[in-house]
2 protein chains.
Amino acid sequence: MMMANRERLLLAARELFLEQGYDASVDAIIGRAEVARQTFYNHFKNKESLFAEVVRDCFLDVLAPLNGHTDNLQQSLMSFAEIYRQRVLNPESIAAYRILSGQALRFPDLVREVYALGTGQMTERLADFLRKAMDEGHIRHADPVFAAELLLAMAVGQERSQRLFGIPCREEDEQLKIKQVVDGFLRMFAS
Amino acid sequence: MMMANRERLLLAARELFLEQGYDASVDAIIGRAEVARQTFYNHFKNKESLFAEVVRDCFLDVLAPLNGHTDNLQQSLMSFAEIYRQRVLNPESIAAYRILSGQALRFPDLVREVYALGTGQMTERLADFLRKAMDEGHIRHADPVFAAELLLAMAVGQERSQRLFGIPCREEDEQLKIKQVVDGFLRMFAS
DNA sequence: CTTAGATTAGACTATCCAGTCTAGTTTTGT
DNA sequence: ACAAAACTAGACTGGATAGTCTAATCTAAG
């Protein structure tokens with residue numbers, strides 16, 4: 001059962017880090033995991049290494065799928081944008097973003113790594129997809145990375161900031177917003 | 001000279017909070033301000049009230065000017081976007097964003113207030129401007145708040161995230177990027 | 001000059017925290 | 001069954017921190 005305790009610690013730490021940030025104490029974590037102090041240090045070198053492991057997990061959940069077909073751009077991009085928004089705007093992702101950006105000075109390498117695994121990879125994927133669509137003449141030729149970053153930014157709009165800062169968002173028609181964004185994007189890059 | 005010490009404390013606290021977040025210690029702050037411990041507590045009830053005051057200052061610096069003329073939309077929006085980017089992406093603003101979002105759970109009211117003063121007001125101004133442009137037929141009618149939030153998001157793109165996470169940004173032609181964003185935006189909302 | 005308010009240095013309390021260590025108990029593999 | 005590994009509770013160290021308090025010094029106004 002060695003793994004059971006390790007998993008309990010990871011789960012408890014994930015919850016507490018997301019709630020309280022890196023300041024969540026080791027005492028609190030072992031308390032929630034219902035595990036002895038020594039057990040914690042059997043499984044992890046120190047608090048930092050536990051944090052690194054938790055954070056790596058969290059940010060892999062951001063990756064949104066993108067079907068490779070460029071024949072129906074509007075539909076592909078809309079379903080991509082919808083899933084991306086879900087992944088990126090849910091409370092857990094927001095908390096992870098908050099904590100990670102807050103620790104960017106303390107753990108610069110970890111934070112860069114995790115960003116590369118999440119948003120970085122997502123940008124690359126989308127850029128590849130858009131490059132293909134450009135080559136096939138569905139949209140105008142332009143820097144695909146620029147276009148990808150632009151679409152990602154448009155898809156989340158100000159909502160990430162609002163959620164990060166605890167601003168109550170006016171509820172809106174999710175689908176309509178996504179359609180407006182994608183249609184607008186396609187009009188920007190119409191060939 | 002009573003005010004001198006207060007100002008020294010505010011300045012030192014601003015520097016240290018931006019560097020180290022809310023964890024910057026009172027000792028460090030009075031040390032940098034070269035002021036005695038008791039003096040600190042003469043001027044501020046506690047650390048939290050100093051933090052609130054510092055943070056309110058920082059976020060007022062975000063407001064970007066927007067000339068009221070809708071006759072040359074491209075030019076107005078480009079100069080607006082340029083200044084907005086400068087204000088929002090400079091290292092101090094990034095640090096402020098990091099700290100503020102990190103303290104959103106601890107000081108929810110303060111954080112909401114400061115967001116409303118900064119980005120919130122900026123969104124309103126831009127939305128008013130766009131509404132006017134819509135009414136005058138320069139761009140298509142649409143929800144002006146949605147359009148404003150979209151333009152703000154497009155103007156910063158992924159760069160805020162990259163800077164928050166310490167990702168080295170590929171240097172690009174600032175002006176070209178701004179032009180592409182504004183032109184794209186105008187094509188989206190062409191009447 | 002005198003006095004009141006501001007300032008100084010620094011001691012002090014009370015709390016919290018990460019990480020180590022001890023000693024006794026349970027689980028696991030063989 | 002037995003030994004090794006894992007676990008438990010909890011004490012302990014060393015260090016940091018916010019805020020209070022004291023007593024001495026400085027400054028400015030009357």
Side-chain angles (χ1 to χ4, degrees), chain A residues 1-56 95 98-100 102-111, chain B residues 1-56 95 98-100 102-111:
Chain A
M1 299 300 109
M2 214 185 98
M3 264 311 160
N5 279 333
R6 200 170 198 281
E7 299 306 326
R8 295 164 69 89
L9 281 165
L10 281 170
L11 180 61
R14 178 177 181 132
E15 292 170 5
L16 284 168
F17 281 142
L18 287 178
E19 280 170 28
Q20 307 173 20
Y22 187 69
D23 291 342
S25 72
V26 173
D27 274 331
I29 292 169
I30 63 178
R32 179 167 303 199
E34 292 177 295
V35 137
R37 197 167 191 72
Q38 185 58 43
T39 304
F40 173 93
Y41 288 98
N42 284 346
H43 289 289
F44 300 94
K45 185 176 159 242
N46 50 28
K47 185 179 169 183
E48 176 179 342
S49 71
L50 169 65
F51 181 70
E53 202 160 322
V54 166
V55 138
R56 265 182 268 259
R98 213 189 326 251
I99 290 149
L100 217 59
Q103 300 303 323
L105 300 177
R106 201 184 329 206
F107 308 121
D109 297 332
L110 171 66
V111 170
Chain B
M1 298 303 107
M2 218 186 94
M3 263 313 160
N5 279 332
R6 200 171 199 281
E7 299 307 325
R8 294 163 71 87
L9 280 165
L10 281 169
L11 180 61
R14 177 178 182 133
E15 292 170 6
L16 284 168
F17 281 142
L18 288 177
E19 281 170 27
Q20 307 174 20
Y22 188 70
D23 290 342
S25 72
V26 173
D27 273 332
I29 292 168
I30 63 179
R32 180 168 302 199
E34 292 177 295
V35 138
R37 196 167 190 74
Q38 185 57 42
T39 304
F40 173 92
Y41 288 98
N42 284 346
H43 289 289
F44 301 94
K45 184 175 161 246
N46 51 29
K47 184 179 170 183
E48 176 179 342
S49 72
L50 170 65
F51 181 70
E53 202 160 322
V54 166
V55 140
R56 265 182 266 259
R98 211 184 333 245
I99 290 149
L100 217 58
Q103 300 303 321
L105 300 178
R106 204 188 320 213
F107 308 122
D109 297 331
L110 171 66
V111 170

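In what follows, every chain begins at residue 1, and chains take the letters A, B, ... in the order their sequences are listed. Only a predicted model underlies this, so the values are computations on that prediction, with no experimental measurement involved.
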Task: Straight-line distance of Glu53(B) CD to Phe44(B) CZ, nearest 0.5 Å - done: 5.0 Å

- [ ] Would you check if the side chain of Lys47(A) reaches a backbone N or O of Ala24(A) as a donor-acceptor pair within less than 3.5 Å?
- [x] yes

- [ ] Look at His43(B) and dA6(C) and indicate whether a side-chain polar atom (N or O) is within less than 4.0 Å of OP1 or OP2.
- [x] no

Nucleotide N/O of nucleotides 15-19 of chain D paired with protein N/O under 3.5 Å:
unit_1	atom_1	unit_2	atom_2	d
dA18(D)	OP1	Lys47(B)	NZ	2.7
dA18(D)	OP2	Val26(B)	N	3.0
dA18(D)	N7	Arg37(B)	NH2	3.4
dG19(D)	OP2	Tyr41(B)	OH	3.1
dG19(D)	OP2	Lys47(B)	N	3.1
dG19(D)	N7	Arg37(B)	NE	3.2
dG19(D)	N7	Arg37(B)	NH2	2.7
dG19(D)	O6	Arg37(B)	NE	3.3

Task: Side-chain heavy atoms of Val55(A) within contact of Phe107(A), under 4.5 Å - done: no

- [ ] Return the value, rounded to whole Å, for the distance between atom CD of Glu34(A) and atom P of dA6(D).
- [x] 21 Å

Task: Distance, rounded to the nearest Å, where Leu9(B) contributes CG and dA6(C) contributes C1' - done: 13 Å

Open item on the list: Quick one, Glu15(A) and Leu11(A) - any side-chain contact, counting heavy atoms below 4.5 Å?
Closed with: yes

- [ ] Round to the nearest Å and state the distance from Gln38(A) atom CD to dC12(D) atom P.
- [x] 17 Å

Task: side-chain N/O Asn5(B) vs dA6(C) OP1/OP2, d < 4.0 Å - done: no

Task: Non-hydrogen atoms of Ala33(B) and Leu9(B) that approach each other most closely - done: CB-CD2, 3.9 Å

Open item on the list: If I take atom CD1 in residue Ile30(A) and atom P in nucleotide dA11(D), what distance separates them, rounded to the nearest angstrom?
Closed with: 13 Å

Task: Heavy-atom check, side chain of Asp23(A) versus side chain of Arg106(B), under 4.5 Å - done: yes

TODO: With Glu19(B) as reference, evaluate Arg32(B), Arg98(B), Arg14(B) under the salt bridge (Lys or Arg N to Asp or Glu O under 4.0 Å) test and give the passing residue.
DONE: Arg32(B)

Task: Distance in angstrom units between Arg6(A) CZ and dC7(D) C1', rounded - done: 16 Å

- [ ] Check the pair Asn42(A), Asn5(A) against side-chain contact (heavy atoms from CB on, under 4.5 Å), reporting the backbone distance first and the verdict last.
- [x] CA-CA 10 Å; Asn42(A) 284 346; Asn5(A) 279 333; over 6 Å; no

Open item on the list: How many whole angstroms separate atom CG of Asn42(B) from atom P of dT8(C)?
Closed with: 9 Å

Task: Option from Glu48(B), Gln103(B), Arg56(B) for which side-chain contact (heavy atoms from CB on, under 4.5 Å) with Leu110(B) holds - done: Arg56(B)

Name the pairs: protein N/O against N/O of nucleotides 24-26 of chain C, kept only if under 3.5 Å.
none

